[in-house]
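Structure record follows, encoded as structure tokens.
Both ligands and their constituent atoms are indexed starting at 1 by order of listing. Just so you know, these numbers use all the heavy atoms, side chains as well, and skip hydrogens, waters and symmetry mates.
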Amino acid sequence: MPSADHVILRELLAREPEFTSGAELADKLGITRVSVWQHMEKLRAQGFEFEAARSRGYRISRRPDKLHVALIEVHLKGRARRCPITLLDEVDSTNDEAARQLASGREAPFVVLARKQTKGRGRLGRAWHSEANGNLYASFAFRPTLPPGGMATFTLWMGVNVCELISNFAQVDPGIKWPNDILFHGRKAGGMLTEARVDADQIRDLVFGLGLNVNGATASWPGELSRRAVSLAEEAKGTLDINRFAAALIGRVWLSYEKFVAGEHTETFADMWQRFDVLRGQPIAVLQGNKRIAGTAAGIDNDGSLLIRPESGRIQRFHAGDVTLEKRP
Ligand code: BTN
């Protein structure tokens with residue numbers, strides 16, 4: 001059942017740039033015009049501004065630049081409209097919150113979004129910079145009926161889909177660095193962290209976490225990050241509508257998940273990986289504990305392992321590891 005805020009925003013957005021009368025909104029909601037006005041006051045406090053014209057009604061003159069759940073919902077399309085969204089102002093980690101909700105029996109799929117994380121986590125226990133300035137911290141919770149081995153390429157598949165979405169949405173050219181980094185010209189704009197809980201030979205549940213620097217101003221970020229990070233807005237040279245983007249992302253992740261569990265991803269995965277892979281043909285090194293293997297990146301194999309062609313010897317496969325791009329000799 002959509003909330004009153006949802007209905008008001010849906011109606012106003014549907015008629016843009018025309019005005020929508022208060023009486024019409026009251027009719028739709030089955031409430032008085034005074035109640036409509038009270039809901040609009042609440043929306044004002046959340047960052048909306050409305051232009052009111054005598055005998056014509058209202059239209060939106062400003063939208064919040066923060067994540068706003070009703071605004072995301074009105075932009076959702078197709079089956080993703082059924083995706084329940086939890087939006088938190090602040091949380092330790094959206095991945096941890098999604099895992100807690102799964103553990104307490106919440107029906108999946110659902111998505112947890114936060115405006116800020118206090119303990120955002122990345123791969124290999126690293127911290128994920130999660131300040132409250134226009135970035136996206138999202139965790140999608142699923143209960144796939146697949147054996148654990150069936151998930152080997154899941155993060156990679158999600159990664160290329162997120163890249164394609166970013167490319168279409170912001171008219172920019174992202175790349176993916178195996179296994180989970182989204183980059184522009186060597187600078188990191190996003191990272192993915194998939195965490196599954198497994199019972200015997202069956203996945204119990206799975207959380208796909210995505211951190212994306214959407215509208216952040218990375219130049220002011222601490223230390224090394226200011227040189228290593230970039231945001232979509234910086235690359236696109238303009239602020240993005242984060243709520244519209246969040247809705248498009250939810251739609252894309254939902255669809256990509258459905259394709260994956262149906263085994264349909266195999267039709268396009270290899271081509272998409274080739275399109276976004278920033279490592280292929282580049283000199284790289286993989287670090288695995290104390291071991292360092294250098295060579296030329298040669299794509300991935302069917303189970304998502306990274307392939308490296310050392311200067312001498314046979315191609316080697318890496319299931320895990322930390323990859324660095326090396327300077328050409
Ligand atoms: C990485 O680059 O190593 C992965 C970073 C993943 C960060 C996201 S932000 C949303 C979700 N919550 C977390 O704590 N981590 C992921």
Side-chain angles (χ1 to χ4, degrees), residues 66-67 72 83 85-103 108-142 154-163 165-166 174-184 186-197 205-216 218 221 223-225 227-232 242 245-246 249-250 252-253 257 276 278-279 286-288 304 306 318-325:
K66 286 181 183 174
L67 287 171
I72 297 172
C83 181
I85 302 171
T86 298
L87 170 61
L88 301 164
D89 204 39
E90 181 178 314
V91 71
D92 49 358
S93 148
T94 53
N95 265 33
D96 290 345
E97 179 58 27
R100 286 190 289 266
Q101 295 195 14
L102 281 166
F110 61 87
V111 57
V112 177
L113 302 172
R115 299 192 180 104
K116 177 183 175 182
Q117 297 183 120
T118 51
K119 285 192 188 138
R121 296 184 286 109
R123 223 164 58 95
L124 310 170
R126 292 179 185 136
W128 182 257
H129 184 74
S130 303
E131 63 179 43
N133 285 322
N135 295 324
L136 204 57
Y137 314 110
S139 296
F140 297 83
F142 300 108
F154 182 75
T155 308
L156 309 183
W157 165 247
M158 286 301 188
V160 289
N161 278 280
V162 172
C163 280
L165 169 76
I166 293 172
I176 189 155
K177 175 172 163 268
W178 185 94
N180 69 327
D181 292 352
I182 295 172
L183 305 180
F184 291 103
R187 289 183 171 219
K188 188 156 167 171
M192 295 167 287
L193 182 66
T194 304
E195 296 174 306
R197 275 148 291 268
D205 53 46
L206 176 132
V207 175
F208 168 67
L210 172 70
L212 260 186
N213 308 331
V214 178
N215 287 324
T218 58
W221 288 9
E224 276 279 279
L225 279 180
R227 267 175 287 124
R228 291 223 188 126
V230 67
S231 68
L232 305 193
I242 195 161
F245 181 78
L249 177 74
I250 292 169
R252 185 66 185 242
V253 168
Y257 170 78
F276 292 109
V278 295
L279 296 181
V286 179
L287 281 177
Q288 266 193 333
L306 178 70
F318 290 89
H319 199 59
D322 219 9
V323 181
T324 49
L325 262 162

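Those atoms of ligand 1 that come under 4.0 Å of a heavy atom in G122, given as number and element, are 1 (C), 3 (O), 4 (C), 5 (C). Per-residue contacts place A138 under 4.0 angstrom from the following atoms of ligand 1 (heavy atoms of the residue considered): 10 (C). Counting atoms of ligand 1 from 1 in the listed order, those under 4.0 Å from a heavy atom of M192 are 4 (C). Within ligand 1, the atoms closer than 4.0 Å to a non-hydrogen atom of G211 are 7 (C), 8 (C), 9 (S), numbered from 1 in the order shown. Taking every non-hydrogen atom of S139 and a distance limit under 4.0 Å, the qualifying atoms of ligand 1 come out as 11 (C). Against a heavy-atom cut-off of under 4.0 Å, G120 is close to the following atoms of ligand 1: 14 (O).
Of the charged side-chain nitrogens involved, none lies within less than 4.0 Å of a carboxylate oxygen, so that D89 and K66 do not count as a salt-bridged pair. Here D181 does not pair with R228 in a salt bridge; the nearest charged N to carboxylate O distance is not below 4.0 Å.
Contact annotation for L210 and ligand 1: only backbone heavy atoms (N, CA, C, O) come within less than 4.0 Å of the ligand.
Nearest protein heavy-atom contact of atom 3 (O) of ligand 1 is R123 N, 2.6 Å. Atom 1 (C) of ligand 1 has N180 ND2, 3.3 Å as its closest protein atom, hydrogens excluded (heavy atom only). Atom 10 (C) of ligand 1 has T94 OG1, 3.2 Å as its closest protein atom, hydrogens excluded (heavy atom only).
Contact of the E97 side chain with the T86 side chain is not registered, since no non-hydrogen atoms from C-beta on lie closer than 4.5 Å. L225 is not listed as a side-chain neighbour of T218, based on a closest heavy-atom distance of 4.5 Å or more.
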Inset, instruction - Evaluate the side-chain contact (heavy atoms from CB on, under 4.5 Å) criterion for residues M192 and I176: first the C-alpha distance (whole Å), next the side-chain angles of each, then the deciding distance (0.1 Å), finally the verdict. - result: CA-CA 11 Å; M192 295 167 287; I176 189 155; 3.9 Å; yes
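Under the side chain to side chain donor-acceptor pair (under 3.5 Å) test applied with Q117, the options T94, D92, D96 reduce to a single match, T94.
One finds the CG atom of N213 at 9.0 Å from the CD atom of E131 (value rounded to the nearest 0.5 Å).
The shortest N or O to N or O distance between S93 and ligand 1 is below 3.5 Å.
The aromatic ring centroids of Y257 and F142 lie less than 6.0 Å from each other.
In this comparison of Q117, K119, R121, K188, the heavy atom closest to atom 12 (N) of ligand 1 sits on Q117.
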